[in-house]
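Step one of this worksheet: look at the structure below.
Everything numeric in this text was worked out from a predicted model, so none of it was measured.
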Amino acid sequence: MDGKKYSVVIAGGGSTFTPGFVLDLIKSQDKFPMRQLKFYDNDAERQKKIGEAVKIIMKERAPQIKFSYTTDPKEAFTDVDFVMGSIRVGKYHMRSLDEKIPLKYGVNGQETTGPGGMAYGLRSIPAIIQIIDWMQEYSPNAWMINYSNTIAIVAEACRRLRPNAKIINICDMPIDDMDRMAAICGLDSWHDIDFNYYGLNHFGWWKEVRNKKTGEDLMPKLKEYVKDHGYWVGGDYDKDTEASWEATFKKVADDYKMDPETLPNNYMQYYYFPQYEVANADPKHTRTDEIREHRQKIVFGECERIVKAGTAKNNIWDISGLHSEYIVDIIHAIAYNTHEKFLANCENNGAISNMDPDSIVEVPALFGADGIQPMATGKAGRFQRGLMMEQQTCEKLVVDAYVEHSYQKMLQAFALNKTVPDASVAKKILDDMIPVNAPYWPELK
């Protein structure tokens, strides 16, 4: 430690994940000391609900850290070392439409996959580019750690439109899977695992999983378990896991059977079994409705309780979460140049030897003060490479559609996607999505 204290802004201060992230930042002052924490959001009312509760948390837990929240970009992005990107353009209203419009036509409706994921990605591009520009104008030496979806599309847009920006696009979903692998093998957490992983965001496979301390190959033990149970651990580990996620983790058993030489990211079910997903979905009650009924209600209810009580004692975020812990680990690695190994969504440049150099891939990388150094993962299998080429072409077409304002390119992206049965269905979904996305998308011609 060099004695420096850091300034952080969370872009997306009104996110339901923000309070948990703040608690983990506070708990990590020994490894990542801070002098200032700021929130930025364009929704003042939503951010205030979170911000007023966090103000009490900071006063009680970390009074030495200056805290503020604002809707003014200059105030937010001036004098910061790290920008944490946690935005949802269109909020849950648009996520609900991302899910329900495809289901209307018998296509899986999901936040980051299929037409819904592409719609979300197109909405996110201008917002992320704007945040990059504010960061570069007001704090040009800052790093942005972005975990705003749809990550693969956002990362492709950054590669083309802001190639020199100090932004690293990350996702914590593989960490959740690896934490489950650790539990299955009797280890404490994902920190006890070393791995070789490759793919795209929400679209990848583990080639190797080892005990980090002993070097033991854990793949045989994991394969034996996963073929019957997926990544479902059960017991105390899963006592708070929602029913929809239970089904997701158990479905990995079927995903695994598609290639028993590797272990799949749990999101592969949306591509391997899209009609299963449709058959088991309720077009009138999707994941967004579950979040509104569960996490959103709980988070805002807890914030209201803290403000009324004037204290944050015994709050629901005192137990650390994987999501926020992972991000703190990453910013620590960059701040102190530790070159620790995490996953990044980045330009391929040979990391996967048989994928195009300009592909956006999700691979292990060493994180340090100069950014990331992607690690070579070898060749993608023929089956995996075929799936990846199709999916990454969809993602590139979405960015083409943004840059060119092209209806044709967006239609091609939908029609090519593995979750969509044919081009006529793709057109119906797109035509329904255009008017509701008018405030966010470029005009597609």
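In this structure, the side-chain contact (heavy atoms from CB on, under 4.5 Å) partners of A127, at least two apart in sequence or on a different chain, are I87, V89. By the side-chain contact (heavy atoms from CB on, under 4.5 Å) test, E293 is found to be paired with H285, D289, residues two or more places apart in sequence or in another chain being considered. Residues passing the side-chain contact (heavy atoms from CB on, under 4.5 Å) test with E302 are R305, I306, N315, I316, W317, sequence neighbours excluded.
From K227, atom NZ reaches atom NZ of K257 across 7.5 Å, with rounding to the nearest 0.5 Å.
Atom CD of E261 has 12 or fewer neighbouring heavy atoms from other residues, nucleotides or ligands inside a 6.0 Å radius.
Aromatic ring orientation, H202 versus Y267: parallel (interplanar angle below 30°, classes split at 30° and 60°).
Centroid-to-centroid, the aromatic rings of W134 and Y40 come within less than 6.0 Å. Ring pair Y197/W205: centre-to-centre distance not below 6.0 Å.
Side-chain contact of S324 with D24: a donor-acceptor pair under 3.5 Å is present, judged by distance alone. With 3.5 Å as the limit, one finds a donor-acceptor pair spanning the side chains of Y105 and D432. Using a 3.5 Å distance cut-off with no hydrogens or angles, the side chains of Q391 and N417 do pair a donor with an acceptor. Of the N and O atoms on the side chains of T16 and Q296, not one donor lies less than 3.5 Å from an acceptor on the other residue. For the residue pair E290/S244, the side-chain donor-acceptor check at 3.5 Å is satisfied.
Ion pairing between a basic and an acidic side chain is recognised when a charged N comes within 4.0 Å of a carboxylate O; R287 and E111 show no such pairing.
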